[in-house]
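Beneath this line is the structure, given in structure tokens, with notes to follow.
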Amino acid sequence: MLAARLLASSSLFLAVACGSTIPRGERAPAENALGEPASQQPHIVFVLADDQGFRDVGYHGSEIHTPTLDRLAADGVKLENYYVQPMCSPSRSQLMTGRYQIHTGLQHSIIQPTQPNCLPPESVTLPQKLRNAGYATHMVGKWHLGFYKRSCMPTRRGFDTFFGSLLGSGDYYSHYKCDSRGACGYDLHDGEAAAWEQDRGLYSTHMYTQKAVEILAAHDPRRPLFLYLAYQAVHSPLQVPRRYLERYGSIPNPHRRQYAAMVSCLDEAVHNVTLALKRYGYYDNSVLVYSSDNGGQPAAGGSNWPLRGAKGTYWEGGVRAVGFVHSPLLLKKGTRCRGLVHITDWYPTLVALAGGVLEEDLDLDGYDVWEAVSEGRPSPRRHILHNIDPVYIKAKSGSREAGLGVWDTAVQAALRVGPWKLLTGIPGCGDWVPPQTFAPPLPVRNWHGERVRWERAKSVWLFNVAADPYEREDLSRRYPHVVRRLLLRLARFNGTAVPVRYPAKDSRSDPQLRGGVWGPWYEEGEGEHRRSNLLPGRLLRKQPTKEAKKKHELELRSR
């Protein structure tokens with residue numbers, strides 16, 4: 001049966017590789033060749049886009065054509081109050097662990113390719129939990145959660161198979177990447193080895209789609225499947241096959257024009273994956289989650305308008321994301337979920353949906369939001385800790401005095417409780433960037449960097465984002481009692497933080513020492529817990545009194 005399925009899909013592989021679509025009407029029955037029913041546990045497909053801005057989807061008013069994403073979202077549930085992290089590694093770590101960055105040590109920046117750092121080995125990952133529940137687990141695409149030793153690799157963290165890249169970005173065709181310090185190497189892997197033999201120079205969006213379809217064709221639907229499809233698109237560098245540019249000739253900004261074409265190619269890719277789900281008998285018992293990993297970067301063509309800020313910032317434009325769920329299993333389709341949903345919530349939601357076990361000692365920060373999504377019930381989530389980063393540049397105007405004696409506002413932090421959002425320190429560049437009015441393009445070397453606006457005598461902001469989603473009116477002076485409550489909450493979160501994991505560059509990481517390929521360079525057990533690899537995760541502060549804690553908790557529960 002497997003050979004027949006692969007033979008029947010050979011023309012499909014060629015079509016996807018060439019960027020074409022799967023012929024309509026070619027769908028496998030929900031039963032296998034023996035007439036046995038497919039898996040009763042839902043098949044789960046998680047599609048993660050990279051750097052797609054809040055406005056960069058048709059149903060948010062974009063000029064970019066995304067008919068597939070629009071249709072899937074319209075027939076499913078649009079997540080219109082959905083939050084992620086402002087950068088790549090943090091979002092991915094929270095998806096994989098269901099825990100905030102302060103609880104995994106990844107609260108500062110991203111995992112750099114030359115750092116001996118990765119997702120903490122003690123964290124039980126989402127694919128591990130799903131595999132324990134009987135799922136086949138496959139990953140295609142971008143990992144960006146560290147690889148300095150083999151135990152950090154995706155195939156050691158719960159995935160049966162892995163095909164994709166380990167780093168945060170690279171050339172879409174050659175799959176070659178140089179880091180900021182000049183170390184260069186090849187970054188396409190099949191399992192734990194370089195994928196030289198499978199590399200035919202395909203554009204990565206097409207290549208990853210082809211691989212995903214191949215997995216669907218080869219798998220037996222009687223066993224539940226988890227497919228994590230983490231596209232490189234639409235992260236810079238801005239590269240796309242020429243034919244996708246044709247419809248965007250009217251866009252004057254060259255970066256926006258290329259970016260729009262990349263989004264259209266991504267939309268087509270999701271179309272092909274969806275058709276494969278139908279063709280091979282998965283669709284009727286499947287749950288497809290679509291998410292961006294952070295806000296768009298205007299300097300590289302993205303748009304978060306009318307939200308404030310961009311990728312790398314804690315303004316809404318950096319952390320509020322495109323997201324939806326599409327599934328025949330949804331009880332209420334064609335709706336919008338306006339309750340709070342955070343990327344950590346997928347861990348408990350999907351594990352529970354799969355019939356897995358969520359032990360109490362996992363200490364999850366995520367919530368099971370399936371009833372909120374599927375049935376339109378209130379979300380169990382009432383707050384989001386966007387982050388506390390004690391290593392980031394301190395705000396010169398920040399102080400404990402400005403933090404009302406309970407928090408040092410020089411520290412970069414952001415918190416959402418109910419309708420209120422508090423920011424301290426330097427949140428990042430807070431511009432509103434209208435569509436097609438971007439500043440002159442930045443040099444390529446700065447595309448991944450964060451632009452910071454220094455504001456004198458300002459280190460605390462408060463917004464009612466339910467009433468003011470564009471963060472135009474700072475209410476910190478008008479509601480000091482709210483500021484104090486949220487600062488106390490921030491201090492309590494900080495009391496649970498673990499030390500920051502952000503080690504120095506290791507010269508042994510140079511790909512030229514391993515045949516020109518990015519890959520593990522540490523021996524297992526070699527100095528992983530050296531003190532120099534850990535930075536302070538907790539801030540020196542006065543502990544709030546028991547009475548203040550109790551009062552604060554009562555106030556939060558009353559919301």
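Numbers here are sequence positions counted from 1. Side chains included, hydrogens not; waters and symmetry mates left out as well; all remaining heavy atoms used.
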Under a 3.5 Å distance rule, please check whether [X] uses its side chain to pair with a backbone N or O of [Y] as donor and acceptor.
X	Y	answer
R157	S123	yes
R55	G61	yes
D267	S264	no
N304	G296	yes
R320	F54	no
R308	E471	yes
D293	D51	yes
T349	D345	yes
H383	R416	no
S91	C88	no

To the nearest 0.5 Å, how far apart are [atom1] in [X] and [atom2] in [Y]?
X	Y	atom1	atom2	answer
E371	L331	CD	CG	9.5 Å
E268	L69	CD	CG	12.0 Å
W143	T155	CH2	OG1	9.0 Å
S291	I343	OG	CD1	5.0 Å
I44	L288	CD1	CG	11.0 Å
S374	K333	OG	NZ	8.0 Å

Salt bridge (Lys or Arg N to Asp or Glu O under 4.0 Å), that's the test. Do K129 and E359 meet it? Break it down for me.
CA-CA 10 Å; K129 297 300 292 184; E359 300 89 351; 2.7 Å; yes
Go through the steps to decide whether H103 and D363 satisfy the test side-chain hydrogen bond (donor to acceptor under 3.5 Å, both in side chains), and finish with yes or no.
CA-CA 9 Å; H103 296 145; D363 293 326; over 6 Å; no
For this output row, return yes or no: ring centroids of [X] and [Y] closer than 6.0 angstrom.
X	Y	value
W432	W315	no
Y283	H326	yes
F159	H138	no
Y248	H65	yes
H342	Y83	no

Which of parallel (below 30°), tilted (30 to 60°) and perpendicular (above 60°) describes [X] and [Y]?
X	Y	result
F324	Y290	parallel
Y244	H206	tilted
Y208	F163	perpendicular
Y203	Y173	tilted
F46	W346	perpendicular

Heavy-atom distance under 4.5 Å between the side chains of [X] and [Y], does that happen here?
X	Y	result
Q210	V213	no
T205	Q232	no
P427	W461	yes
S292	V84	no
N285	P42	yes
N132	V357	no
H175	M207	yes
H386	I384	yes

Distance-minimising heavy-atom pair for [X] and [Y]:
X	Y	result
A133	Q41	O-NE2, 3.0 Å
T344	R381	OG1-NH2, 3.0 Å
K421	E316	NZ-OE2, 2.9 Å
F226	P127	CE2-CB, 4.2 Å
T97	L364	O-CD2, 3.4 Å
T137	G158	OG1-O, 2.6 Å

Salt-bridged, E80 to R336, with N to O below 4.0 Å?
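Counted as a salt bridge, because a side-chain N and a carboxylate O are separated by less than 4.0 Å.
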Go through D70 and K78 one step at a time and tell me if the salt bridge (Lys or Arg N to Asp or Glu O under 4.0 Å) criterion holds.
CA-CA 10 Å; D70 295 348; K78 299 174 183 176; over 6 Å; no
So L423 and F463, side chain to side chain contact (heavy atoms under 4.5 Å, CB included) or not? Walk me through it.
CA-CA 9 Å; L423 302 102; F463 300 95; 3.7 Å; yes
Kindly determine whether N387 and Q107 satisfy side-chain hydrogen bond (donor to acceptor under 3.5 Å, both in side chains), including the steps that lead there.
CA-CA 7 Å; N387 197 24; Q107 54 267 58; over 6 Å; no
Under the salt bridge (Lys or Arg N to Asp or Glu O under 4.0 Å) rule, what do E375 and R377 come out as? Steps first, then yes or no, please.
CA-CA 6 Å; E375 303 175 31; R377 296 188 181 185; 2.9 Å; yes
Give the intermediate values and the outcome of side chain to side chain contact (heavy atoms under 4.5 Å, CB included) for residues N253 and Y259.
CA-CA 10 Å; N253 184 296; Y259 178 93; over 6 Å; no
Let's go through D50 and V234 carefully: what are the C-alpha distance in whole Å and the side-chain angles of both, what is the deciding distance for side chain to side chain contact (heavy atoms under 4.5 Å, CB included) to 0.1 Å, and is it a yes or a no?
CA-CA 5 Å; D50 198 341; V234 286; over 6 Å; no
Would you sort out whether H271 and L275 count as a side chain to side chain contact (heavy atoms under 4.5 Å, CB included), showing the intermediate values?
CA-CA 6 Å; H271 175 68; L275 289 181; 3.3 Å; yes
Going by ring-ring contact (aromatic ring centres under 6.0 Å, His included), name the residues that satisfy it together with Y59, two or more places apart in sequence or in a different chain.
none
Is it the case that over 12 heavy atoms from other parts of the model lie below 6.0 angstrom from the CZ atom of R242?
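Atom CZ in R242 is not crowded, with 12 or fewer foreign heavy atoms closer than 6.0 Å.
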